[in-house]
Amino acid sequence: MKIHSPLHILGALGLLCSASAWAVDTSAWTCETCPYPNDPKGLSGAVEVGIGNVSDKSAKFGTYTGLQRKGAYAVVGGSATWHEADGLYADLQASDLGLDSRSLSVRGGREGLVALGLRYDEIPRYFGDGAQTPFLGAGGGTLTLPPGFAAPGTNTMPLAANLQPIDLGYVAKRLDLTGSWLGTDSLNLRMGYRRDVRDGTRPLYASFLATAAQLPAPVDHVTDVLDLTAAYNATRWQASLSYQWSQFRNGTPALTWDNPFTAVVPGANRGQLALAPDNELHQIIGSAAYQFAPTLRASADFAIGRLTQNQGFLAPTINPNLMPGPMPAASLNGKVDTFNGSVRITAAPLDGLRLNASYARDVRDNRTARQTYPTIETDIYGGLPARTNTPFSQWQDRFKLLADYRGPATLRLAGGAEYEQRERNYTEAVTTRETTVWARASLQPIAMLGLSVKLAHADRDHSTYGTAVWFGAAENPLLRKYNLAARVRDSAGVRVDLTLSETLSLGLSADDARDDYHRSVIGLTEARSGSIGIDMAWAASEHTRLHAFAQAESIRSLQAGSQRVGLPDWTGRSKDRFEVYGLGLQHAAIPDKLDIGADVSSSRSRSDIDVQTVMMEPAFPRASTSLDRIKLYAAYKIDDKISLTGNVWHENYKSVDWRSDGLMPATLGNLLTMGMATPNHQVTALSVALRYRF
């Protein structure tokens, strides 16, 4: 945008500034964009009230938005700010109060001394449309079936008379309380408490050996988190110390259900599953930093914690005809000690050169005692070899050295080296070591062109690779798990930024990464990903702005397998592709009166899987999704206090998934499903509201 200032205006302004007799009266000036009004005392804010409508019911559309139901809903929200000259203040924010995605927050206190906060949020999560179940008691810990329901297969079950629709999902409710006190210029005390409550149902599979059913399992979770922190800030050093406590409680620790299939052995007409157990965390967190000199700074942090889980064991079986051996204890008495610590040094030895060195250690030490437990196969038969729990632990060390150099003109160079070593118990490779080196360069050779390139190379190897024997049957000795296997990873990225004019800019980017598991005979052998993108921003005029973007990504992998616990005799290939496009527009149709805008986006994904043996099987059907979304919004200023706002949101979502398409309750003879439809919807949501500013 070009701005022209006539010489006679500049001359007049210069004359005014040089004449001391001329004084400007600023008492009537106002700041419309200041966070607080010019008058330091008083109340201001806005209230928004209106009505909206959703054209159709959709669990997918309603997840996280609260717009899952068809029909009208209330638009209620607003904000308020109260501020006094002595520093007392209070802020209130409310949004979507008429929906299940509502939020409300209140903050207040005295500036620079005390701050208190309260926030409440609801976030809905839904699992699908069209679910049906014959089970009674959904939402509780016991699921029953009508008398005489059990049958050898789903095709002979009395489903038509007993299937009932069920909405699967839950609403996560979060309450946050925060407080801080600045005791002195250096000391700051902070407190935070959070409670998360999740209540509802979710799908869960349970089986009796070769038969299985999809159950509406209860979600009855409460998580409490308490955080107490003291922080001290001095001229050259800073430090903080915190205590954190977290507790998870499950109000329904087990689910018991009737077997919908004819029991194959006496007593196997009911089953029981343990759900998420209660657990607890205590943790001490500390950090410190010291400024030795303007060009030298050191810092460190640590966290020491203990996780415990002592939920009482369920009985090995509820089949009265099975007589398992005794349990070794009443509960697991699980204990895991954690440690996370790091030290960092930052130095600037030369003008334009910045160095960073760091060391970090992470420890997860599982101190749960190993005990031997009786084994029951899905409440049908026992007599199997006893099993012993495996307390996995991990130790990780990371070293990093980074350098950043600002060269002459616009040249900037950066690079680094990283070394990571992990040790794990009860794993095929006890130790893995990975070294990574990378470099990045950026340059602006001319005013309109900016270039940047990044290259990275990583090499991971491991100690002697063995065969796991603690899970029962021995694994293929040629198998290499992808997170333990030797791997070489190379990646490259480039970014080009073009400033075509004062109002138009364009960006181009491309990235490529390749993984080579060169010593893996069975398992993942190679993977590759690549992406390319373009983005644009255009200020068409003082009242119109436009931005657009497009991104495409491809992820491919190849793995080898063996059906006979020997050399490879089958291969699996997967290819996932994604494309995303978007366009945004902001326009002042009537300056200072009517603002309109639009956001349009479209995305596509495709997944292809091909498994080949000597039989030359055809590839699996393609799984795909498409999402087209358009949002239109407008705000009309009736007067200085009243505005009319409107929004239209249209979304068209389609998905094809051979793994679940057409899978109704009786489609498979040995699997009773709830028949949830693959997500497909075409929904329009619109709203109109009045906003009043005071």
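Using bins of under 30°, 30° to 60° and over 60° for the plane-to-plane angle, the ring pair Phe399/Tyr419 lands in the tilted bin.
Evaluation of the side chain to side chain contact (heavy atoms under 4.5 Å, CB included) rule for Met616 yields Gln612 as partners, not counting sequence neighbours. Residues satisfying the side-chain hydrogen bond (donor to acceptor under 3.5 Å, both in side chains) test with Asn340, not counting sequence neighbours, are Asp362. Considering only residues two or more places apart in sequence or on other chains, Asp576 meets the side-chain hydrogen bond (donor to acceptor under 3.5 Å, both in side chains) condition with Ser607. Under the rule for a side chain to side chain contact (heavy atoms under 4.5 Å, CB included), the partners of Ser242 that lie at least two apart in sequence or sit in another chain are Asp227, Thr229, Ile285. By the side-chain hydrogen bond (donor to acceptor under 3.5 Å, both in side chains) test, Thr372 pairs with Thr388, sequence neighbours left out. When the side-chain hydrogen bond (donor to acceptor under 3.5 Å, both in side chains) test is applied to His282, the partners found at least two apart in sequence or on another chain are Tyr243, Glu280. By the ring-ring contact (aromatic ring centres under 6.0 Å, His included) test, Phe302 pairs with no residue at all, sequence neighbours left out. Arg364 is linked by a side chain to side chain contact (heavy atoms under 4.5 Å, CB included) to Leu307, Val336, counting only residues two or more places apart in sequence or in another chain.
Considering only heavy atoms from C-beta on, Val656 stays 4.5 Å or farther from Asn680 through its side chain. Residues Phe392 and Arg424 have side chains not in contact (no heavy-atom distance under 4.5 Å, counting atoms from C-beta outward). Annotation: side chain of Pro665 is in contact with side chain of Leu163 (closest heavy-atom distance under 4.5 Å).
Between Glu526 and Arg528, no side-chain nitrogen of the basic residue sits less than 4.0 Å from a carboxylate oxygen of the acidic one, so the salt-bridge criterion is not met. Residues Asp121 and Arg119 are paired through a salt bridge, judged by an N-O separation under 4.0 Å between the basic side chain and the carboxylate. Here Asp608 does not pair with Arg573 in a salt bridge; the nearest charged N to carboxylate O distance is not below 4.0 Å. In summary, Asp461 and Arg519 do not engage in a salt bridge, as defined by a charged side-chain N under 4.0 Å from a carboxylate O.
Here side-chain hydrogen bond (donor to acceptor under 3.5 Å, both in side chains) pairs that include residues 253-262, with residues two or more places apart or in two chains, are Thr256-Gln272, Asp258-Arg270. Listed by first and then second residue, the side-chain hydrogen bond (donor to acceptor under 3.5 Å, both in side chains) pairs involving residues 305-314 are Arg306-Asp337, Asn310-Ser331 (not counting sequence neighbours). Counting only residues at least two apart or in different chains, salt bridge (Lys or Arg N to Asp or Glu O under 4.0 Å) contacts with residues 126-146 are absent.
One distance of note links CD of Gln394 with CG of Asp365; it measures 11.5 Å at 0.5 Å rounding. Between the CD1 atom in Ile522 and the CH2 atom in Trp570 there is a gap of 8.5 Å [rounded to 0.5 Å]. Note that CD of Glu418 and CZ of Arg398 are 9.0 Å apart. Values are rounded to the nearest 0.5 Å. Here the CZ-OG1 distance, from Phe578 to Thr625, works out to 8.0 Å after rounding to the nearest 0.5 Å.
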- Message: For a salt bridge (charged side-chain N to carboxylate O under 4.0 Å, His left out) check, start with the C-alpha distance between Lys575 and Asp610, then their side-chain angles and the critical distance, and finish with the verdict.
- Response: CA-CA 9 Å; Lys575 183 177 183 180; Asp610 184 11; over 6 Å; no
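Here the closest non-hydrogen pair linking Thr142 and Leu255 is N-CD1, 4.4 Å. Heavy atoms only, all atoms of each residue included: Pro621 and Trp658 are closest at O-CD1, 3.0 Å. In terms of heavy atoms, Ser463 sits closest to Val430 at OG-N, 3.4 Å. The minimum heavy-atom distance linking Ser393 with Asn425 is given by the pair N-OD1, 2.6 Å. The two atoms that bring Thr375 and Pro385 nearest to each other are OG1-O, 3.0 Å, heavy atoms only. Of all non-hydrogen atoms in Ala666 and Leu159, the two that sit nearest each other are CB-CD1, 3.8 Å.
Side-chain contact of Tyr359 with Asp397: a donor-acceptor pair under 3.5 Å is present, judged by distance alone.
The side-chain tip of Arg125 points at the ring of Phe127 from less than 6.0 angstrom away and within 45° of straight on. For Arg480 and Tyr517, the positive end is not near the middle of the six-membered ring at less than 6.0 Å and at most 45° from its axis.
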Could you tabulate the donor-acceptor pairs under 3.5 Å formed by side-chain atoms of residues 203-215, not counting sequence neighbours?
unit_1	atom_1	unit_2	atom_2	d
Tyr205	OH	Gln214	NE2	3.4
Thr211	OG1	Phe208	O	3.2
Gln214	OE1	Met674	N	2.9

